[in-house]
Amino acid sequence: VLMKDLVVWLVHTPAGTVAFLSAIAAFVYSKGSWAHRRSGRYFTVSMLIMAVSGSLAGFLKGTPNDVFLGLMVFYSVFTAWLTTFHKEGETDFLEYIALAWVVTLGLIAFSYDPSEGESYPEMYALWVGLAIFFAVGDIRNLYKRGLSGSQRIARHLWRMCFSLMWAAMAFVDKIVKMTGATIEEMPYVAVIPMSLILILTIYWLHRVFRSRNSVSI
């Protein structure tokens, strides 16, 4: 328990806080600007650290759901970064590794039999569904040998925002726990930031597809 708490409070929570704040900065700065790209780098690194530490904490605590969540967020952040790391119409072996990663997660979640005492066993159906959805996107990207234009930007954007939603959830969860309560007792604390992120995601996706190639990253 002590090791798990150390991982959560010394690594996971600070990384999530940095990710949350840098994501806000990335939304504020002009897309494609130096400040936006720097904020994006901070977000990517801190989210990867948060995802790994979250999976480790879940393993130490004995909650497989948290392990799956961390590994899925790690994948989504990595593929969002990979989309902009490569030039338009470009892929390499890393995309195949990412596809194998998410397919493996989906297969493990599908075959996993949650114990009776485990919280939210229905989440494993979510992991399977997300794995299929992500894998289809990866296969499409590989088939086209790299997306370009608005499709490339949209892929980067929504995968980053998917990760941000979980970062926001982790951020507010720690705040709520510091008050001695739980998310179930104060659901509105999580609903507000999650709703704002969803609205921002829809807004930027609308701008991306409306302006075609004029929005850069």
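Predicted model, so just to flag it, every value in this text is computed and none were measured.
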Donor-acceptor pair, distance only, cut-off 3.5 Å: does the side chain of [X] make one with the backbone of [Y]?
| X | Y | answer |
| --- | --- | --- |
| Thr91 | Arg145 | no |
| His36 | Ala26 | yes |
| Ser33 | Tyr29 | no |

When rounded to the nearest 0.5 angstrom, what is the spacing between [atom1] in [X] and [atom2] in [Y]?
| X | Y | atom1 | atom2 | value |
| --- | --- | --- | --- | --- |
| Thr104 | Ile97 | OG1 | CD1 | 11.5 Å |
| Ser195 | Met165 | OG | CE | 8.5 Å |
| Met47 | Phe20 | CE | CZ | 11.5 Å |
| Tyr143 | Ile139 | OH | CD1 | 12.5 Å |
| Arg38 | Arg41 | CZ | CZ | 8.0 Å |
| Asp92 | Leu142 | CG | CG | 9.5 Å |

Should [X] and [Y] be regarded as members of a common hydrophobic cluster, given that ILVMFWY residues are connected when their side-chain heavy atoms come within less than 4.5 Å of each other, either directly or indirectly?
| X | Y | answer |
| --- | --- | --- |
| Val77 | Leu126 | yes |
| Phe110 | Val102 | no |
| Val28 | Ile202 | yes |
| Val52 | Met50 | yes |
| Val18 | Leu10 | no |

Are side-chain heavy atoms of [X] and [Y] found at a separation under 4.5 Å?
| X | Y | value |
| --- | --- | --- |
| Arg152 | His156 | no |
| Pro64 | Phe59 | no |
| Glu95 | His86 | yes |
| Ile153 | Trp204 | no |
| Phe134 | Ser76 | yes |
| Val7 | Leu60 | yes |
| Arg140 | Leu147 | yes |
| Gln151 | Asn141 | no |

Next item on the list: Given side-chain contact (heavy atoms from CB on, under 4.5 Å), test Thr201 with Phe162 step by step and report yes or no.
Entry: CA-CA 9 Å; Thr201 303; Phe162 170 85; over 6 Å; no

Can you name the nearest heavy-atom pair linking [X] to [Y], along with the distance?
| X | Y | value |
| --- | --- | --- |
| Glu88 | Ser148 | OE1-CB, 3.4 Å |
| Asp66 | Gly58 | CB-CA, 3.8 Å |
| Ala98 | Thr79 | CB-CG2, 3.6 Å |
| Gly106 | Val128 | O-CG2, 3.7 Å |
| Cys161 | Ile197 | O-CG2, 4.0 Å |
| Ala154 | Val208 | N-CG1, 4.2 Å |

Note to self: Going by ring pair (Phe, Tyr, Trp, His ring centres under 6.0 Å), Trp101 matches just one of Tyr96, Phe78, Phe74. Which one?
What the structure shows: Phe74

Checklist line | Intermediate values then yes/no, ring pair (Phe, Tyr, Trp, His ring centres under 6.0 Å), Trp158 and Phe133 | finding: CA-CA 13 Å; Trp158 83 261; Phe133 185 71; 5.4 Å; yes

Notebook entry, point to check: Can you check side-chain contact (heavy atoms from CB on, under 4.5 Å) on Trp127 and Leu69, steps first, answer last?
Noted result: CA-CA 8 Å; Trp127 303 137; Leu69 172 58; 3.8 Å; yes

Item checked: Whichever hydrophobic residues join Leu196 through chains of side-chain contacts under 4.5 Å -> Ile192

Check: With a 6.0 Å cut-off on ring centres, are Phe68 and Tyr124 close enough?
Finding: yes

Note to self: Are Tyr42 and Trp81 an aromatic pair, judged by ring center distance below 6.0 Å?
What the structure shows: no

Next item on the list: For residues 10-23, pull every pair meeting side-chain hydrogen bond (donor to acceptor under 3.5 Å, both in side chains), keeping only residues two or more places apart or in separate chains.
Entry: His12-Ser53

Next item on the list: Report the residues that fulfil side chain to side chain donor-acceptor pair (under 3.5 Å) with Asp138, sequence neighbours left out, ordered by chain and then residue number.
Entry: Tyr75, Arg155, Arg159

